[in-house]
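Taking it in order: structure first as C-alpha cells, then the write-up.
Side chains are part of it too, since the values below use all heavy atoms of this structure and drop only hydrogens, waters and symmetry mates. Quick caveat: nothing in here was measured; it's all calculated off a predicted structure.
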Amino acid sequence: MDLSAVCGGSFDVHADIASVSDKKGKQFIVCTGDPTTRHKVYDEIIRLGLTLARIVHPMAYIARSAVVGDGAIIYPGVFVGPYAQVGANVLLNAQVVIGHDARLDESVVLSPGARLCGHAVCGTAAFLGTGASILPKVSLGAYSKLSAGSVLSRSVGDGFLMHGNPATGRQILHVGIDKAE
C-alpha cells in the first residue's frame, strides 16, 4: 500500500517513539504485523498520551454503522459489514472480510483473505493467518493465533494456537503471566 498516496502527503519513519521530536504535534501508526509487538507499541503510545492516525484505503468498504478505532490500518479490498467493531490499532490486510456484528479487540492482525463471519470475535492481539476463517458466533481469545487456511468452528480462550479444518490446538501462552514480558 502506498501510504503517501493514501495519507495525502509524506510522513517520517522512526524505529522507536523516543526518536521522534515534537511528539505532541504528530499522529502515529504502528507498522508491524506481529500482534504482540503492535500491542506493546500501542500501549506505549497511549501511555504517552499521543494520537494515533487511522488509515483506510479508498478501495476498502466500511459499512456506515461499523466502528473503526484509532490507529487501524485497512488495506484495499477489505469489507467491514454492518455494526462490526474494529478496535484500535487493528491491521486488516488485503481482501479481509469482517461480517456483520463481528468484533475485533485492540491490536488484532488479520492476514490477506482472512474472514470473520457474523457475530465472531477476536480478542486483543489475536492473529489470523492467510485465508483463515472464524465461523458465526465463535470467539478466538486474546493473544491466540489461527493458522493459514484454518477454520475455527468452536470458541477458544486466550493464548491458543489453532490449526486445521476444523481447527484444533492447544494453549501455548498463559496470558495473565506471559504477555507482560
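- Checked by atom type and distance alone, the side chain of N165 never pairs as donor or acceptor with a backbone atom of V151 at under 3.5 Å.
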Take L152 and S133 through the side chain to side chain contact (heavy atoms under 4.5 Å, CB included) test and state the conclusion after the steps. CA-CA 6 Å; L152 190 64; S133 298; over 6 Å; no

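- The backbone N or O of G69 sits less than 3.5 Å from a side-chain atom of R54, completing a donor-acceptor pair.
- The CG atom of L110 sits 8.5 Å away from the CG atom of L91 when rounded to the nearest 0.5 Å.
- In terms of modelled atom types and a separation under 3.5 Å, the side chain of S139 and the main chain of S155 share no donor-acceptor contact.
- Side-chain contact check for N89 and S107: at least one donor-acceptor pair (N or O, by modelled atom type) lies under 3.5 Å.
- Using modelled atom types, one side-chain atom of S144 and one backbone atom of G159 make a donor-acceptor pair closer than 3.5 Å.
- Closest heavy-atom contact between V80 and A66: CG1-CB, 3.8 Å.
- The closest donor-acceptor contact from the side chain of D158 to the backbone of A142 lies under 3.5 Å.
- Remark: R115 pairs with no residue by the salt bridge (Lys or Arg N to Asp or Glu O under 4.0 Å) rule, at least two apart or across chains.
- With sequence neighbours excluded, no residue satisfies ring pair (Phe, Tyr, Trp, His ring centres under 6.0 Å) with H163.
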Under the criterion side chain to side chain contact (heavy atoms under 4.5 Å, CB included), I'd like the reasoning laid out for F160 against L146: C-alpha separation, chi angles, the key distance, then a yes or no. CA-CA 8 Å; F160 274 76; L146 181 62; over 6 Å; no

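- Considering only residues two or more places apart in sequence or on other chains, Y83 meets the ring pair (Phe, Tyr, Trp, His ring centres under 6.0 Å) condition with none of them.
- Between F79 and Y61, the two ring planes are parallel [angle under 30°; tilted spans 30° to 60°].
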